[in-house]
There are 2 protein chains.
Amino acid sequence: MSRLLKQQQALLPAPAHELAAQMAEAGYKVTQPRLAVLRAAVALDKAFTVHELEQWLLQRNESPGIASIFRTVKLLCDLELFQRIHGLEDCHRYSISGGHAHHLICVSCGALKSFDNCGLRDLITTLEQQTGYHINDHVLELFGRCPRCLAV
Amino acid sequence: MSRLLKQQQALLPAPAHELAAQMAEAGYKVTQPRLAVLRAAVALDKAFTVHELEQWLLQRNESPGIASIFRTVKLLCDLELFQRIHGLEDCHRYSISGGHAHHLICVSCGALKSFDNCGLRDLITTLEQQTGYHINDHVLELFGRCPRCLAV
DNA sequence: TTTATATTGAGATATTGTATCAACACTACC
DNA sequence: GGTAGTGTTGATACAATATCTCAATATAAA
Ligand SMILES: [Zn+2]
Ligand SMILES: [Zn+2]
Ligand SMILES: [Zn+2]
Ligand SMILES: [Zn+2]
C-alpha cells in the first residue's frame, strides 16, 4: 500500500456559519431561506435530497418555498460548497463538500465520509497512454455499509 | 506503475445480435421494438441518451413508442447489458457495457472507452480500515477529450 | 384453435428540477 | 426621508426524464 493511501484523511463537513461566510464572501446575501437550507443540510448530517431538506424544514415550520430550496442547493453546488452525489440507484442526493471530494456512502442509512485523495493518477496515466485521450476530470463514489448499520 | 495497470484492456462493445441473444437467454422476447433499440445503440457508438435513440430511429421511420424505448433501456440495464453513465453535467446517458465496467468519455463528442480494471482495491482497503465501513460497490467515470477532438 | 402470457403504444402521472414574474427587501444616492 | 437599482423570494408554469395504467396486440403453449 502506498504512502499516499496511508495518509488518506477524512474531510470534515463545514459548519453552517462557515458556509454562510463563504456565501457572503462570494457576494451573495445570507438570507433566512438560505440559512435555513444550510441549517437543514448540516443537521441531516448525511447525503440528503432536496425533499429531505424540505421535510426537515417543514417540521420546524420554517420552510422557504420549494423553488428557493432548489435555488439555494444549486447556488451552493455552483460555489462548490455542496456537491451532487452519484448513487447506485439515483443521482438526486447532495452532500456538504467541496470541489474534488469523493464520498463513501452507507447504502443503508446514507451516512457519508468525504475524502479527496483518490489515488487514481496511475490509472489515469495508463489510460491516457493506451487511448490517446487527455483526461482531466473524474467521478468516484464508493458504497457500502457504515459501522452502525453493520452492527445492527 | 503496477503490472495490473499495465494489463489494462479496453472492453469492446457487444454487437447487436449478441445482445439480442442474451436477452433471449434471460427469457425475454427479441421483438422488433427491442431490436430497434439495440440497433440504434450500437449504431450511435457512444454514450447515448434515450432522446438520441428516439431521434436515430425516427429518422429511419421505425421508432417504437417512447415508453417502449425507456422500457427497453431499463430492461437492458437490469440485464447488465447497458449501463447508466454518471456524467459531469447530467446522468441521463447510457452505454453498451456490462456490470462492473467503467468509462472514459470524451466531453466534446461523447466517444467512449470501457474498461473494468479500475485498480481501486488498495484505496478500498485503506478506507475500510480507516472508517470501519464495509465497501462493496463503486462508481468510477473518467472524462476528457478523445484523440479526434484533441486534433481539431 | 384456444388459452395464457408477454409486449406494445398512448396517455396519464410522477419526480426533479428550471423559468417567469410580480412582490418584497435592501442599498446607494439625491 | 424619498427614489432608483439590484438581489431575493414564492407561486406558478413549464421542462426533461422516466414510470404507470390499461386496452389492444403479438406470441407461445396447450
Ligand atoms: Zn449506515
Ligand atoms: Zn450520476
Ligand atoms: Zn471526442
Ligand atoms: Zn471498478
Other members of the hydrophobic cluster containing B:V152, with the 4.5 Å side-chain heavy-atom rule, please. none
Parallel, tilted or perpendicular: which one describes the rings of A:H102 and A:F115, with boundaries at 30° and 60°? tilted
Indicate whether any N or O donor in one side chain lies under 3.5 Å from an N or O acceptor in the other, for B:H103 and B:E141. yes
State, with a plain yes or no, whether a side-chain heavy atom of A:I96 is found less than 4.5 Å away from one of A:F82. yes
Residue A:P33, side-chain atoms from C-beta onward, closest of D:dT9, C:dG9, D:dT8: D:dT9
Name all pairs fulfilling the salt bridge (Lys or Arg N to Asp or Glu O under 4.0 Å) condition that reach into residues 92-105 of chain B, sequence neighbours left out, sorted by first residue then second. B:E52-B:R93
Between A:Q83 and A:S95, is any side-chain donor less than 3.5 angstrom from a side-chain acceptor? no
Round to a whole Å and report the spacing from CD1 of A:I85 to C1' of C:dT16. 17 Å
Is B:S68 reaching over with its side chain to a backbone N or O of B:P64, donor-acceptor style, under 3.5 angstrom? no
Of the residues in residues 57-64 of chain B, which ones touch DNA chain D at a heavy-atom distance under 4.0 Å? none
Atom CD of A:E52 and atom P of C:dT15: how far apart are they, to the nearest Å? 14 Å
Under 3.5 Å: donor-acceptor pair, side chain of B:R145, backbone of A:I135: no
Rounding to a whole Å, what distance do you find between B:R34:CZ and C:dA6:P? 11 Å
The helix from C:dT1-D:dA30 to C:dC30-D:dG1: angle between terminal helix axes, five bp per end, to the nearest 10 degrees, reads 10°
Check the pair B:H100, B:H138 against ring pair (Phe, Tyr, Trp, His ring centres under 6.0 Å), reporting the backbone distance first and the verdict last. CA-CA 9 Å; B:H100 184 86; B:H138 60 267; 4.7 Å; yes
One character per nucleotide, please: for nucleotides 16-30 of chain D, 5' to 3', B when the base has a protein heavy atom closer than 4.0 Å, S when only the sugar-phosphate does, - otherwise. -SBBBB------S--
Students should find that the hydrophobic cluster of B:L112, defined by side-chain heavy atoms under 4.5 Å apart, otherwise consists of A:I85, A:L88, A:I105, A:V107, A:L112, A:V139, A:F143, B:I85, B:L88, B:I105, B:V107, B:V139, B:F143
